[in-house]
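Following: one structure in structure tokens, then a few remarks.
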Amino acid sequence: IQCSHALSYNMRYIVLFLFASLLQLRLDPSLQQNLLHTLNATVVRDTTTTCPYGALLDNVTSQIRSILSNVSLDNLGVGRPGHCGGVNWTRVAYLNMTDLNQTCPANWTLVTYPGNSGTTLRACQRKNGASCDVAYYSVKGQRYTQICGRIVGNLYGQTEAFNSYVTGSAVSINSYYLDGMDITRGNPRQQVWSFASSTSRMTLAYICPCSNRSLNIPTTNVPTFVGLNYFCDCGAPPYTTEPAGKHYYSHIMWSGTDCPPDSTCCSFNTPPWFWRVLPNSTTDDIEVRQCANNVVTDENIDAIIVEVYIK
């Protein structure tokens, strides 16, 4: 291959890989390995002494290989949407109860219940009555300005969204202002994201703001300290009041799927992933809370996956 031809031939691949890295390599690990293999197989170096570009090509391709080799799952955001992607994310909270080796945080309790086709599901619930049971996560002094994450799980019993706030029984962020879960930071607490759960479309005070009976107005019956920073799930089909004491494993809460056709709950804030940019940088530690205004045998959340990232 002539020197100029070799440069042109290689630069096509170099540009391809630089473009991939500029897109922050939103790729799965197996595809990263395939790209490395392709780079090694296709980059042709002209070893003749008359070509002045050989060292340049070696240097550039070496740098690209280094970028690809050092991309990890934690800082890449595999599986996260584009608005929450990129490098340099640090995982602060991680719970995945589909992993049999994982245990619930100290203030939550493990529950097991039958799922589809004879499977056994594992989840974490709050332990106490009307309360918010807290799982604490330290950021270890890391300064950050952005938070992203998700919570998914199953519904248990009869939940009522922001009813405690609407009726005035719990109007503070420090109390059980919602049935569901929330993520807060710092002391005093500041709300990051709320995950409300409703099982009824029959009573206006109990329903999600994104449901049709609330006229899909996002601020209806929502605490001022929450604003628009929340997801609300309408519960399990047929979206009417479910009996207490039952696990609804067929419906994945805050997943952005299986919403009533006349609601906007699957599109409002595009669950399952949330993302927030803070007004100022902080080193606040993170809390993930399970909240409800009734006893655990009446209403609860089966938390299966919790992920929180900062940068």
Side-chain angles (χ1 to χ4, degrees), residues 28-29 73-74 77-81 84 89-129 131-139 147-159 176 178-184 192-199 230-236 242 244-258 271-274 285-292 295-310:
D28 61 61
L73 181 65
D74 284 347
V78 171
R80 279 173 280 176
C84 195
W89 288 99
T90 298
R91 188 166 68 192
V92 175
Y94 181 71
L95 177 72
N96 185 350
M97 295 307 293
T98 65
D99 180 351
L100 297 180
N101 295 316
Q102 292 226 357
T103 58
C104 295
N107 291 334
W108 300 352
T109 188
L110 173 68
V111 293
T112 60
Y113 49 100
N116 288 317
S117 305
T119 60
T120 298
L121 302 179
R122 302 169 72 244
C124 299
Q125 289 188 349
R126 64 190 173 93
K127 292 180 177 181
N128 301 301
S131 66
C132 284
D133 289 357
V134 183
Y136 299 95
Y137 296 95
S138 173
V139 304
I147 311 178
C148 79
R150 63 171 176 159
I151 297 175
V152 295
N154 294 140
L155 169 68
Y156 179 85
Q158 301 172 330
T159 53
Y176 44 87
L178 84 167
D179 286 353
M181 298 182 66
D182 76 354
I183 298 173
T184 65
V192 174
W193 207 262
S194 299
F195 299 78
S197 169
S198 171
T199 55
Y230 72 91
F231 297 140
C232 193
D233 197 293
C234 294
E242 286 84 2
K246 180 179 178 180
H247 300 274
Y248 291 89
Y249 60 81
S250 62
H251 179 70
I252 306 300
M253 303 288 290
W254 310 301
S255 63
T257 61
D258 200 23
W273 291 92
F274 76 88
D285 291 331
I286 302 294
E287 293 181 340
V288 180
R289 304 189 299 169
Q290 294 211 35
C291 302
V295 296
V296 295
T297 53
D298 178 47
E299 58 189 14
N300 223 317
I301 296 297
D302 296 326
I304 299 175
I305 295 177
V306 175
E307 293 184 82
V308 180
Y309 298 79
I310 61 172

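Small disclaimer: the values here were computed from a predicted structure and weren't measured. Note that these values count all heavy atoms, side chains included, but never hydrogens, waters or copies made by symmetry.
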Subject >> Ring centres under 6.0 angstrom apart (Phe195, Trp254) >> reply: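 For Phe195 and Trp254, the ring centres are under 6.0 Å apart.
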Original post:
For Val296, which residues count as a side-chain contact (heavy atoms from CB on, under 4.5 Å) partner, sequence neighbours excluded?
Top reply: Arg126, Asn300
Ignoring hydrogens and geometry, is there a side-chain-to-backbone donor-acceptor pair from [X] to [Y] under 3.5 Å?
X	Y	value
Arg122	Asp99	yes
Asp179	Ser197	no
Ser131	Gly129	yes
Asp133	Lys127	yes
Glu287	Val134	no

Would you check if [X] and [Y] make a side-chain contact, meaning some heavy-atom pair closer than 4.5 Å?
X	Y	result
Ile183	Val308	yes
Ile310	Tyr137	no
Val111	Asp302	yes
Leu110	Met97	yes

Original post:
Can you name the residues that form a ring pair (Phe, Tyr, Trp, His ring centres under 6.0 Å) with Tyr176, not counting sequence neighbours?
Top reply: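 With neighbours one apart ignored, the set is empty.
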Subject >> Aromatic plane relationship, Phe274 with Trp193 - under 30° parallel, 30 to 60° tilted, over 60° perpendicular >> reply: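 Trp193 vs Phe274 ring planes: parallel.
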